[in-house]
Structure formats: C-alpha cells, structure tokens
Chemist: 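To start, I am sharing the structure in question, which I have written as structure tokens.
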Amino acid sequence: MLRFIFRRLLLLIPVLIGVSIVAFLILHLAPGDPAQMMGGIEASEADLIMLRQKFGLDRPLPVQYFMFLKGMFTGELLSLRYESPVMEVIWPRLKNTLALASVSIVIAVLIGVTAGVLSAVKRKTWMDYTATVFALLGISMPVFWWGLLLMLLFSVKLMWLPSGGMGTPLHYILPSIVLGTASAGIIARMTRSSMLDVLRQDYITTATAKGLSRRLVVGRHALRNAMIPTVTVVGLQFGQLLAGAVLTETVFSWPGVGRLLVTSILARDYPVVQTSLVLIAAFFVLVNLAVDVLYAVLDPRVRYHG
Amino acid sequence: MHVLEIDNLVKHFPRGGLFGGEKNPVRAVDGVSLALGRGETLGIVGESGSGKSTVGLLSLGLIPKTSGTILFMGKPVDEFEGKELILFRRKAQIVFQNPFASLNPRMIIRDIIGRVLEIHDIVPKSQIAGKVGALLQEVGLRGDQASRYPHEFSGGQRQRIAVARALASGPEFIILDEPTSALDVSVQAQILNLLGDLQQARGHAYIFISHNLAVIRHVSHRVAVMYLGKLMETAPKEAIFSRPVHPYTRALLASVPKPFVTDEDIESKVIAGDIPSPTNPPSGCRFHTRCSFCIGVCEEAEPAWREVAPKHFVACHRAEEWI
Amino acid sequence: MGETGCGKSVTAHSVMGLIPVPPGRIVGGTVTFGKHGNLLDLKEEEMQKLRGKEMSMIFQDPMSSLNPVFTAGFQVEEAIVTHDRHISKKDLLSRVVGLFKKVNISDPEKSVHSYPHMLSGGMKQRVMIAMGLSCGPKLIIADEPTTALDVSIQAQILTLLKKLQKEEGSSVLLISHDLGVIAAMAKNVAVMYAGSIVEYAPVSDLFQQPMHPYTKGLLGAIPRLDRDIERLAVIPGTLPNLFDLPEGCKFRERCSEALEICASVRPRLIEIEPGHEVACHACARDR
Amino acid sequence: MGSRDSRAMLVLRRIGRNPVALLGLIIIIVYIGVALFAPILAPHDPIDQNLSKSFAPLSAENPLGCDEFGRDILSRIIFGARTSLIIQVFSVLIALVTGVFLGAVGGYFGGWLDEGIMRVMDILLAFPGILLALAIVAVLGPDLKNLIIAIGIYSIPQFARITRGSVITVKQSEYVTAARAIGESHFVTIMRYVLPNAISPIIIQTTLRMATVLLTAAGLGFLGLGVQPPQPEWGTMLSTARMYLRSAPLVAVFPGVSIMIVVLGFNFLGDGLQDALNPRLKD
C-alpha cells in the first residue's frame, strides 16, 4: 500500500512541474510586453524598467522560470499590490477557501449519494424522476445567480443569514450550499448510474440467491461497489469547488483565494495570479491522489495490482 | 512448399511499466514450430493460456512477434511491406470467435465484404455489388440481404458473413479462431458443414483453433496440442485420437465428458490442479505439475521435440514408452 | 438441456424467485417444493428463508458471480450467518474452512482471506459450490456450472459435484447445453425448446432412443470425439421469434416429420414409454 | 428494415419517448431560433440607452422592464442568446476538433505519442474548472474572441480524454483487427471502423459541454472578464444587476433564468442521449 502511494506521489512530480510551467508561461504567451501587461498602459518608462529588472524579464525564459519557482518558496516573489511575499498573501486566503470547499463537499456527498442511491433503487418511480430533475436543475444553475437568489431571500428579505464575509458558522451556510449544489447534482447522477450498473451484476443475483434481504443486498453488496466510481467523481468535484469558489466568493465576499485571484487579475498583480494557480492546481492534484488511495481501499483489485 | 511455416515462434506480452518495476511478461507463445500444407486443415487445440489464439494473430502479422520466424510461401511475414503486405493480406484471412464483435456495426454487409474486393481490386467497382451477392449465396445467405446491417442477423448468419468476407479475396489459408464456440450446437453443425464444403470447392487451407476436441476431430487433417505456450504433440488426426502419446493429450481426451456415454467414470480421469499462469510457467516440462507420469527429469529439463512415429511429434521425456 | 433461448435458465431463476419484477412477471403455473408448497405463493420474506438454506444456486460465470470487494471466506460466511444468526465467530470460520476443504480448495486457511480476483476460475467456482452447500440444501440448481471453464477444470468441477451430491444427498437441477455434461451427470433429462419441455426421459433412454425430432436433430448435429462422422446432420431453419410464437407445435417449421395437426394444436407431454415423455404428435401416432 | 440510418432513427425514437430529453430538445430549438432571429424578435435595440427609463418596471412596452441605463431587458436577453450561442458553438468546435484529433491519434497509435499527449492533457486538467479559462482571459484581455479561445482551450482535455478512452475500447474489438486483416490502411481504419463506433460518448460530451461552456462564459462575464458591456451577454448583465440587487432585484432575475433554462435544455438532452446511445439497452 505504501509503495502504491509512493508511486503515485512520484507520478505527481511531472504534473506539478508542468502546472508551474503553464502558470509561468501564461504571462509570456500573450502578445505584447509582459512588463507593459504588469504595469498597465499608464506605466512610465521608468516603471517598466523597474518591473523588467525585478522579474528579470530581460533574461532568458528558463532563467525567469527558475527565478519564479525559487521566488515562490523563498518569499522573494512579491505581490505587486501588497508588496509582501506571495505566499503570505495567498496562504491565509487559501485556508479560507479550503474550509468553505470542505464544508461544501460534505454537503454535496451527503445529498448526492443519498439521492443517487434512492433514485437507482426506486428506478422509474416518482422518487427517481424528482431526484433526476432536481439533480439536473442543480447542475444547470449558474452558481453566482443561485447565490444572488439565496442572498436576496435569506439575507435581504428574511434577514436570517449574513449576506457576506466570514466569521461565524452562520456565514458558512449560504456559500457552502451554493457552492455544493452543482456537485451534489453531479454526484447524484453518477451514483445513480453506477448503482444501476452494479445492480445488474451477477454477484448481486448471487447475494440474493443466498437468502440476503434486499436491504443487505443493496446496502452491502451493491453500495460498496457503486461507490468506487463515485469516489473518483467526488475527487474531481473537489477541484470544481476550488474553481467555483472564484464565483461564490465574489458573490458572498468570502475572503478566499478565489476572490483574491479575481481582484489580482483586475489589478494585474500577476505574481499572485500565477502562484495562486499553481497552489490551487497542486491542492487539486493532491486531493486526487487521496482519491486514488481511497479507491484502492475500496477496490481490492487495485490494491494488489495497482 | 508449405503455405505457412512457423519456426520457434515466441511471443511475450510485457506487463507493468512506469515505476511499476519490471514484471514477468506473459509468455503467450514460447517456441512453437508448425507447418501448414496446401489445402490442409490443421487443428490447434488447447485450454486457456495455451497461446493458440496468439499463434493465429502472429501468423497473420497482426501483432508483432518476439522472436522466431513465420514464413508465408517461403517469405517472412513480418517483413512484408506496401504491395507485398497487401498481397499477403489477400492470401491470408481470418474468422473470429464472436460473430457479434467481428463485423463493423456501422457498415452494411455490402460494404463489409465489398471493402475486401475494393482494397485488393478483385473485381471492377461496378461489379462489386454483384460479386458480394454471389459470395453471400456461396455461404448460404441471400444476395438481397447485402444492404442490411450486422445487427439484423442471427449469430449463425453473422458467422456466415464473416466467412464470406474471408473468402472474398480468394485466400490460400484462413485462420479460424474458435469460429463456432459462440454458437449453439445446431448452428455449429451448419457452419462446420459450410466450412468443409468451401474447402472442398476452393482448396484453401485452414488453421482451425478451438478448445473443443470433438470439433477439432471433426474438421482437422492434422492436430497440434498446445499447453502454456508450448506444443505438446502434433500428429495426423487418426494418430492423435486413437494413439495419443503425450500424457496431456491423453488426459485431455479422457476428461471430456462424452455424449452417448452415460454413467462414465470421469473421476479417475481428472487432471489434477489448476492451469499454471503463463507469466510464471513451471520449469522443465510445463505439464509436469499436473502430470501423473512425472519423473525427476521432467521438473528440470525441457523435453525435446521429436518425431516418435511418422509425422507424429511429441515433447515428452517418456514418449517412447507409450508408442 | 437446451440451446440458447430455450428458457432453461429462466426456469431455474423462476424457481429461486430471482426473476427481476418488473420487467419480468410470472403469469401462471406452480412450483411445488417439498413441504413448502407452491413457491410462487410465498411472500418475499419467506422465500428469503428458503434461498441459500433449502435451495441454492451455482451460476455459469464464476468470474462475475462473486463480489469483487469482499473476501471469498466472507461471502461464504454471509450465506451461513443469514440463516443462523447465533453462530459464534470461531465456529463460523472453522465451518467455512471446512467447506473449503470439502470442495478441495487449495490452502483453505489462506484462501478464506483471498479476494475473488486472486483465485482462478476453477477455484472461484469451488467457492460458489461451498456457498451453495453451506446450509445443506435439499436442492442445488447448477446453471451451466462449467461452461466458462476449461476442459480439464470442467472435469474437476463435475467430479466434485457428483461426489458432493452423493455425500450430501441433495438433488441437483443441472442446466446445460452440453450433451456430454448431461450424459456424465444426469439421471433424468428434460430437453427444452422455445420455452417448453419437448422430451423428458432417463438419460440412457434419451441418448439410445431419442424420440422428439428436435432431440434427434440435436444428437445428430454434434461432432463426436469417439468416432469420425462424414457429415453432421443439420436442423434446418432457426428458432422461432419468442415474441410471436406460431400456433401449434413450436418446432413444426423446422421439423421433417410434421403432420397436419402440428400446425394447429400444440402437443402436450405424453408418456410414450415408461418414464419417457414426449411432446410430439408424430411420436404419439407412431406408438 | 435495412435502412441506412436505422441507428439514428432508433436514437431519435428513444429521445422522443423520453419526455425529459424531448423537453431539452425543444428548449434548444427555441433557443437557437431566438438567437438566429434576434433582430426580428427583439422589440427594441439592445444597446439603446434611455436614462429616463432607468429601472422602468415591467410594462407592455418593456415586458421585462429596463436596466440601469434604461435599456430594454427583453431585447438584451434575446440578443444575449445570440452572444451565448456564438460562444458555445465556436468554443466547443475548437475543443471538439482538437480534442477528438488528439484523443483519436493517441488512443489508436498508443506508445510515446499517446503518453505525451495525455501528460499534457493531465497538466491542463490540473487547473480545475473555470480557472484555466480565467487565466487565459486574464492575459489575453476580455473580449468575445479571447473568451472563445480561452473556453475552447480549456475544453480540449475533456474531449481528448473521452475520445481516447472510447477509441481504445473500440480498437480492441475484433472488427478492427478484421479491418487490419483485410488490408485496410490505418487512416481508413480510424475513419471508417474506429471513429464511427467511438462516437457516442463524444456526442454526449458535446451536448453536455455546450451546457458547461455557457455556464463558464456567463461566470466570466459575471466576474467582468467576459464579454464587455454594452454588448448584451447574460453573465455580464448579472454582474451589473448585482450592484442594484437591493433596489431592483428583478433586473437580476431574468438573465439568470435564461442561463438556467438553456443550460437545463442541454443537460436534459445530454442525459437523454446517455440513455438513448447506451448500447446495453436494447430496444
């Protein structure tokens, strides 16, 4: 098992390097002078020279890349806006985002798996149809609009819940529901289809043939197998939540990395933008590693061959 | 000259990979030598893991070999390129086991068979439809069924279509890879009769691959018995079925339950043990772990492949005792 | 015995109450099982108590009939615990190991902890048999138990089934399309065609003097291992469409002995010789 | 019997029998109609400002009221459909062509080529959801063309992965080996044997991707990084409406409803296609 994890960790390295290269290159692939992009049109010639020097923009790309990588970890890479090391700017906000995303994923899994299982077991009943329509509605709802609607109702009209910011557990309710809605829908659909798939398998007939009750057949034999593909989807959804946070945090003024990313883009604070991208991607990749491990726990075939 | 000559053919499928560490390869075929005469049917029989289907794919150059030689009309198959390769494809054909998987579901029958005529320029374009109709009739279907899709046919009918496709280019030999294993007994009889009739009329050779010994007996002139990637015994049909030498052949023949023979005592004839994995085959003679005649040397030395009677080859240390 | 689509498997599943409803539906008939009466009248909970305990089933494909995420031992334990809730953990394990020994699973103490993918096809089928035997059932339904296995492994499993049947005294309902397997295993044979039994006879009678034209055709169509046949006999035509069965005898269109009456009246099973029943107008007339 | 398009007909029949999928199809047809005939359908010029009608309530003249500049919201929504459709069609087209090509080549030939393509896709996929598009727009600058490019690029890996998976499955089938055995070239094998049989998941993905892409475009618009005002786009409209949420909440309702309905349409159809194209379910 340890070897399995170690091997997966090794495989991550090229992906992480690739991610950092992409994040680094984004600034350079755009047409025009990177210094001009950072400084904006109002930047003076002196400003541009200063920027070029600070980021080594006049040096070869590989050198710049290593400066970028090194600067990220040593604190030499500074945010243009806050003039402090990028990590110090991003880290506390990333923690807020992770907190929000974690609450959301728990909500999404609880709702999604329950709805998916019910709708598979009660296939073609009103329960299945209701769950299907709600799941598709959840997937189709624009996050930011859904947020605005809930805010309008619970904060503006009813004034039950705060409309933005963080601090108390109450602050979590609206943003985490909004953020988790689409994921709940996707998890429900996935659980339903994998459950239907599993229920058709021969070993389900075997379990019934040995005299197990329907409840045990579904709850023990089917669910465990159906969760295997669902786990993968949950991992992918966690990434979607990190990305969706960009919108949710903007709506609810959540002090997270998503909002930081948007404001930094608008302020042309590229060091923060690039580093945020790398960090979010790294987290996403790590979560997927955790999913792989969980996958192996659930599925003995992977455990012994993986 | 032989149509096909295989010498010391080896195919290992690698496993594992990146960071996985080198795992043992699957030794699917491990030193097989065979020859196929003109108009002959060579039956290859074996259980799963014997490598019999791999031999079929290798003979057509559809997968790369690991080592050894495969000669078609004296020329190495895996060196064919361009025009020569096309010509070889014309002369060597295959029919697969599963008629539900071997026909492209998105093509109508006229195209499935017509493509062969087109690629090899067998008849002018304008005559393709007519020729397809004739081929369909030859395999016992109606010419007007050519505009249908495969899913509109039954398993037996599809297998006839697959046979027609193989015939279309006028091949020298056809690999039949378990062509009736997916079919019911009554349909199997129809296909086996058809294959026999076609061979009489056209004179091509067959390599008939099957796990079913009775079918092999019915169709073959000569039989090769494979076990874990190796040949155990080859002999003319009469010899294999009336005077089998290799303990594996004998045990296999004995362990098939026979219709018409009721109350048979199969218990005493069972081959013990599981089939070992082809990734880690036993040392010496591959069959020694399950052989009831195993002696010391069987565990260590690989038995020599030798002719113990005219055209009767065996790889067994004790072969001479049982002639 | 019968070919694809003859209804042999569906019959077995119906007996066990394993036909999924919907889309399946049992529209008529009875299944009488010893003192339990007509199984079709039993409630689902009552059937649950019978399944695995009084009657058990072995399926065709051992690769897919064991749950990949549980150990072989656990899956057999489950069959026992379901019908005996008070058994102690220790007894349970020793019983499973005992069962594994009985079905000749190599290294039973270790094998109980193996996951299905670590076992060979033959071993998996032995696990299925151990599961089927675990509660000493009166009836074992074996649905093509060796079709997915190699010849040499098939012989092992058939031998095992025969031996266990003798030891345990269970009845076996064996379903197969393989005439050889039927000949080796069965005492009485029912031949099915398009959803009905067309012939029922002691096994030796069936092979020595088959009566129904379908049975005769089938016996003529198999290649023989013990002798050469010049040309195989062929049953012309194909199975009728099960959605739109013809009136009268379902085999009429493929039958060389068909009479006028065969087109209108569906023949019923009639005992023509002691213990030998046939559903055929022509056979009935000839006797 | 024997009709060339029997399969397409079968799929259509299945869709017709599935009320949810049918509803989706109808929504999509109406949406495309609205986008195509926007100039005819819209009662006003979507860009015309009239400050005297700022936040005008619903009326016969302005059925959905007016926004902060007094522009007719209904007209802006109708023209917004056009913008959305352009973004969807072109970005999905970019992704479809590139992704299917990369996936098919990688899946069919395998080896280092496949390995290389998939590693690059893995890297792109490591930027979850909207982030990659966001980053690309951030440097290219927000306008319609760049939005299409950004969303197109970020959709490529999905198509590449799905195509590859499907191609690998199909590649192993006996009819592809048979194609090789009769002497078909690699190109013909891919085009006539592999792709036609690998197409179902790609069709499903295309439909579902139309939904995702619309949400992404609207999301970027909402962040002010999408289509720029005054050009009408639903997400951008929501972005400005948000500032007046307390005083004029209705302005924020209609663009959101539009997005949701259209996205729902594609998701309904995609979900229905998933069932209709499932080879396991026979008619």
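Here is how names work: the chains are called A, B, and so on, in the same order as the sequence lines, proteins then strands, and each is numbered from 1.
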Chemist: Between C/Gln48 and A/Arg214, what is the shortest heavy-atom contact and its length?
Modeler: NE2-N, 3.8 Å
Chemist: Which residue in the set C/Arg51, C/His83, C/Gln75 passes side chain to side chain contact (heavy atoms under 4.5 Å, CB included) when paired with A/Lys210?
Modeler: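 Going through C/Arg51, C/His83, C/Gln75 one by one, the side chain to side chain contact (heavy atoms under 4.5 Å, CB included) with A/Lys210 is satisfied by C/Gln75 alone.
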Chemist: Go through A/Thr208, A/Thr206, A/Ile204, A/Ile228 and name the one with the most non-hydrogen pairs under 4.5 angstrom from chain C.
Modeler: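 Among A/Thr208, A/Thr206, A/Ile204, A/Ile228, the one with the most close pairs to chain C is A/Thr206.
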Chemist: For a 4.5 angstrom cut-off between non-hydrogen side-chain atoms, does A/Tyr203 reach C/Ser64?
Modeler: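 A side-chain contact is absent here, since even the closest heavy-atom pair is not under 4.5 Å.
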Chemist: In this structure, are over 12 heavy atoms from other groups packed under 6.0 Å from A/Phe134 atom CZ?
Modeler: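 For A/Phe134, atom CZ is not crowded (no more than 12 foreign heavy atoms under 6.0 Å).
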Chemist: Which pair of non-hydrogen atoms, one from A/Asn225 and one from C/Pro68, has the smallest distance, and what is that distance?
Modeler: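 For A/Asn225 versus C/Pro68, the nearest heavy atoms are OD1-CG, 3.5 Å.
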Chemist: Run C/Glu78 and A/Leu212 through side chain to side chain contact (heavy atoms under 4.5 Å, CB included) and show every step you take.
Modeler: CA-CA 8 Å; C/Glu78 216 183 9; A/Leu212 292 189; 3.3 Å; yes
Chemist: Is C/Leu66 in contact with chain A via its backbone, its side chain, both, or neither, using a 4.5 Å heavy-atom distance?
Modeler: backbone
Chemist: Side chain, backbone, both or neither: which part of A/Leu216 has an atom under 4.5 Å from a heavy atom of chain C?
Modeler: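 For A/Leu216, neither part sits under 4.5 Å from chain C.
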Chemist: Give the minimum heavy-atom separation between A/Ala209 and C/Met57, together with the two atoms involved.
Modeler: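 Heavy atoms only, the tightest pair is CB-CB, 4.5 Å.
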Chemist: Check whether C/Asn67 reaches the backbone of A/His221 with its side chain - one donor and one acceptor, N or O, closer than 3.5 Å.
Modeler: yes
Chemist: Under 3.5 Å, is there a donor-acceptor pair between the C/Ser65 and A/Asp202 side chains?
Modeler: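 The criterion, which ignores hydrogens and geometry beyond distance, is not satisfied for A/Asp202 and C/Ser65.
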